[in-house]
Amino acid sequence: LDLASHYCIVYSQLLQGTASHKKMGDDTNWLLKIYYHNQVVLFLCCLFNETFFVMAYLYFHCTLPSSPAAFYLPIVTVVGYVCAPGMVLKQYLNILQLMTGCRRISEFDVFNRASLREEAAKAK
């Protein structure tokens, strides 16, 4: 989801001729603007997201029978629960980013097709 959403938003910005995918226009969701314009929010979302998935991996290994890592299960569980809201927010932002990128790509395509139709009509 993260890779696909970044690809769509970067590609849409490339089509628009924007220098960076972090520059958001007026048509962008307010939460996505906060995410990209506030480095603390961006850092915390990424940190909690990645930490959550590391904790999920460790949780699996802590719960294996006769695992030497079973001692760390309570810590892994607490850290996982603490990071879960940040992970959910990051996934939601990825969906918003994907939707914004896809919408912009489709708007660009509609505009280009209309321009091509006009040129074809003038050529006749």
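Note that this is a predicted model, so its numbers are computed, not measured.
With contacts defined as side-chain heavy-atom distances shorter than 4.5 Å, the pair F108/Q16 does not qualify. Here the side chains of L3 and Y7 are not in contact, with every heavy-atom distance at 4.5 Å or above.
When each of L89, N29, L93, T28 is paired with Y35, the side chain to side chain contact (heavy atoms under 4.5 Å, CB included) condition holds for L93 and for no other.
Residues meeting the side chain to side chain contact (heavy atoms under 4.5 Å, CB included) test with S106, sequence neighbours left out: none.
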Please step through side chain to side chain contact (heavy atoms under 4.5 Å, CB included) for the pair V54 and L58, ending with a clear verdict. CA-CA 6 Å; V54 168; L58 291 175; 4.1 Å; yes
Chi angles and distances behind the side chain to side chain contact (heavy atoms under 4.5 Å, CB included) call for L15, R104: CA-CA 9 Å; L15 291 174; R104 288 179 180 169; over 6 Å; no
Side chain to side chain contact (heavy atoms under 4.5 Å, CB included) between D109 and R113: does it pass, once the steps are laid out? CA-CA 6 Å; D109 190 47; R113 287 176 186 244; 3.0 Å; yes
The test is side chain to side chain contact (heavy atoms under 4.5 Å, CB included); show your working for C46 and K90 and say whether it passes. CA-CA 7 Å; C46 292; K90 179 74 168 93; 3.9 Å; yes
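Across every non-hydrogen atom of H6 and Y36, the tightest pair is NE2-OH, 3.7 Å. Smallest separation of non-hydrogen atoms from G101 and I9: N-CD1, 3.9 Å. Across L98 and C8, no two heavy atoms sit closer than the pair CD1-SG, 3.6 Å. Across all non-hydrogen atoms, the minimal contact from A69 to C62 is O-SG, 3.2 Å.
A salt bridge links R103 to E107: at least one charged side-chain nitrogen sits closer than 4.0 Å to a carboxylate oxygen.
Linking Ile, Leu, Val, Met, Phe, Trp and Tyr residues whenever their side-chain heavy atoms come within less than 4.5 Å places I75 and L73 in a single cluster.
When atom types are taken as modelled, the side chain of S67 and the backbone of H61 share a donor-acceptor pair closer than 3.5 angstrom.
The neighbour count for L116 CG, taken as heavy atoms of other residues, nucleotides or ligands under 6.0 Å away, is above 12. Open room surrounds OH on Y92; 12 or fewer heavy atoms of other groups in view lie less than 6.0 Å from it.
Clustering of Ile, Leu, Val, Met, Phe, Trp and Tyr side chains at separations under 4.5 Å places V82 together with V78.
For the 3.5 Å distance criterion, the side chains of D2 and Q97 fail to qualify, holding no donor opposite an acceptor.
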